[in-house]
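Every chain is numbered from 1, with letters handed out A, B, ... down the list of sequences.
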2 protein chains.
Amino acid sequence: MSSDTRWLDKGEQEVWRALRELIWGFESAMDRQLIRDSELSGVEYSVLAALSEAEDGVMRARDIAQALDWERSRLSHLLKRMEAKGLVARTECESDARGFNISMTAAGHKAIVRAAPGHVSFVRENIFDPLTEDERDALHSAATKIQASIRAAGLWENRGAPKA
Amino acid sequence: MSSDTRWLDKGEQEVWRALRELIWGFESAMDRQLIRDSELSGVEYSVLAALSEAEDGVMRARDIAQALDWERSRLSHLLKRMEAKGLVARTECESDARGFNISMTAAGHKAIVRAAPGHVSFVRENIFDPLTEDERDALHSAATKIQASIRAAGLWENRGAPKA
DNA sequence: ATTGATTTGTTGACATGTCAATCATGCACG
DNA sequence: CGTGCATGATTGACATGTCAACAAATCAAT
């Protein structure tokens, strides 16, 4: 596993560098755009967007965490802050006394409605507009395959309890 | 800029979802692999890798920050921790009394030599092996174009002082 | 040379994320 | 029914990153 390492050749290094820079830089650029043009951070936007996609704008915390693939504690901390800001509200869950229902407040709804156009424009202008159709398709399948490969290697899940 | 937003259609949403998941998940998967198989975190690996590429294994803090496109304070905090762990050492800079030269210690060198094969294997097995040549090339050009587009929009730089 | 702007780096306050521990509830199976 | 394990969520300690303020050295321009 050590002596027979297949190192990256020149061309592979360039691809890897481009991808690494994209992965490191894209999220913060997106955050910057959101914070500049709205009152929401990227993670706050994610939560509100998830809530928007639910029928009634209400989701259990568990389901939000699953939809976003986040740790529970991360969501819990964030929801506490968002609740303090008045973006979401929590009500007890009737069917399961352990759970909580998270809903958007009017302020939360207003915030995401205001933020969404700029966010979508950012995605369209920086991902779809610059790429040819072929490149877009290839990007799609490449991203899907890479993720599948990492999953198969058991390195994707956050809480990696590899059934020790 | 608000009423004429071009929203994403079904297919575009799928591409965007795949890319977003990749961007969010890849880095932490890489970190997980490194921490599992070595004593280095992803950011520590980055610093040591940058130092490795310098001729004599010595770089000024400024140049490391530039190479990694990091904020100065981030690097400063990290170097303090890495120095405490004995991975790097700092010496004053002769030519510029403000600067510091950062060098790898023997322990730092040992650590990255031990971590590198696993890291390269991770990259090869999860990026290059699963993709066809066409996909790899398309991924390369797509990543490059997306980054160029974000740069052109002025949203790439960390310290965005947009010449107000 | 002196002044003022720029560069280099550190620091401290704060925001955010991870991890392990905790607690209450629900569920499965005897 | 209980008993024990799984689930949902919170908490606190800690790791890490950002931001703005700072200090010291250099540079530029007169």
Side-chain angles (χ1 to χ4, degrees), chain A residues 24-25 27-32 34-36 39-47 59-85 87-88 90-102 155 157-164, chain B residues 24-25 27-32 34-36 39-47 59-85 87-88 90-102 157-161 163-164:
Chain A
W24 281 357
E27 189 180 352
S28 51
M30 211 174 66
D31 265 31
R32 237 167 271 138
L34 268 176
I35 290 172
R36 189 191 61 184
E39 314 305 320
L40 296 176
S41 72
V43 287
E44 289 169 343
Y45 184 94
S46 299
V47 169
M59 284 177 86
R60 288 194 51 176
R62 169 193 56 171
D63 298 323
I64 300 177
Q66 190 168 24
L68 300 178
D69 195 23
W70 283 2
E71 296 206 6
R72 297 171 174 290
S73 67
R74 179 184 182 183
L75 182 63
S76 182
H77 285 305
L78 177 60
L79 287 177
K80 198 194 327 180
R81 288 173 241 143
M82 289 178 73
E83 200 182 6
K85 286 195 198 177
L87 295 170
V88 299
R90 66 206 320 147
T91 51
E92 308 221 337
C93 181
E94 301 161 0
S95 57
D96 186 338
R98 294 168 299 183
F100 286 97
N101 285 324
I102 310 297
L155 285 164
E157 344 305 354
N158 277 333
R159 317 281 293 99
K163 60 190 69 171
Chain B
W24 282 358
E27 189 180 351
S28 50
M30 212 174 65
D31 265 32
R32 238 167 270 137
L34 268 176
I35 290 170
R36 190 192 61 186
E39 315 305 321
L40 294 177
S41 71
V43 288
E44 290 167 342
Y45 185 95
S46 299
V47 169
M59 283 177 85
R60 287 195 52 175
R62 168 193 58 174
D63 298 324
I64 300 176
Q66 190 169 24
L68 300 177
D69 196 22
W70 282 3
E71 295 207 6
R72 298 169 176 292
S73 68
R74 179 184 183 184
L75 181 62
S76 180
H77 285 306
L78 177 60
L79 287 177
K80 197 192 331 180
R81 288 174 240 140
M82 290 179 73
E83 201 182 4
K85 285 195 197 177
L87 295 170
V88 297
R90 68 207 315 150
T91 51
E92 307 221 338
C93 180
E94 302 161 1
S95 58
D96 186 337
R98 293 169 300 184
F100 288 98
N101 284 325
I102 311 296
E157 342 303 346
N158 276 332
R159 316 283 293 100
K163 62 191 68 171

Starting at atom [atom1] of [X], determine the distance to atom [atom2] of [N], rounded to an integer number of angstrom.
X     : N      : atom1 : atom2 : answer
A/E27 : C/dT16 : CD    : P     : 13 Å
B/H77 : C/dC14 : NE2   : P     : 14 Å
B/K80 : D/dT16 : NZ    : C1'   : 12 Å

Does the side chain of A/D96 reach to within under 4.5 Å of the side chain of A/R60, using non-hydrogen atoms?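 In contact.
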With a 4.5 Å cut-off on side-chain heavy atoms, are B/M82 and B/I102 touching?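 No, too far: nothing below the 4.5 Å cut-off.
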Take B/D96 and A/S95, find for each the nucleotide of DNA chain C with the closest heavy atom, and name the residue whose nucleotide sits nearer the 5' end.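 Here B/D96 is the residue nearer the 5' end.
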Can you work out whether A/A97 or A/L78 has the more 5'-proximal nearest nucleotide on DNA chain C?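 Nearest-nucleotide comparison on DNA chain C picks A/L78.
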Out of A/L78, A/L34, A/L75, A/D31, which residue meets the side-chain contact (heavy atoms from CB on, under 4.5 Å) rule with A/V43?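 Among A/L78, A/L34, A/L75, A/D31, the one that satisfies the side-chain contact (heavy atoms from CB on, under 4.5 Å) with A/V43 is A/L78.
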May I ask you to say what B/R62 touches in the nucleic acid, namely base, sugar-phosphate or nothing, with a heavy-atom cut-off under 4.0 Å?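 Sugar-phosphate only.
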Using a cut-off of less than 4.0 Å, is there contact between a side-chain N or O of [X] and OP1 or OP2 of [N]?
X     : N      : answer
B/R74 : D/dA15 : no
A/R98 : D/dT10 : no
A/R60 : D/dA9  : yes

Is B/E44 salt-bridged to B/K85, going by a charged N under 4.0 Å from an acidic O?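 Looking at B/E44 and B/K85, the cut-off is met.
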Earlier contact from the 5' end, DNA chain D, for B/R81 and B/S73: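 First, find each residue's nearest nucleotide; the 5'-ward one identifies B/R81.
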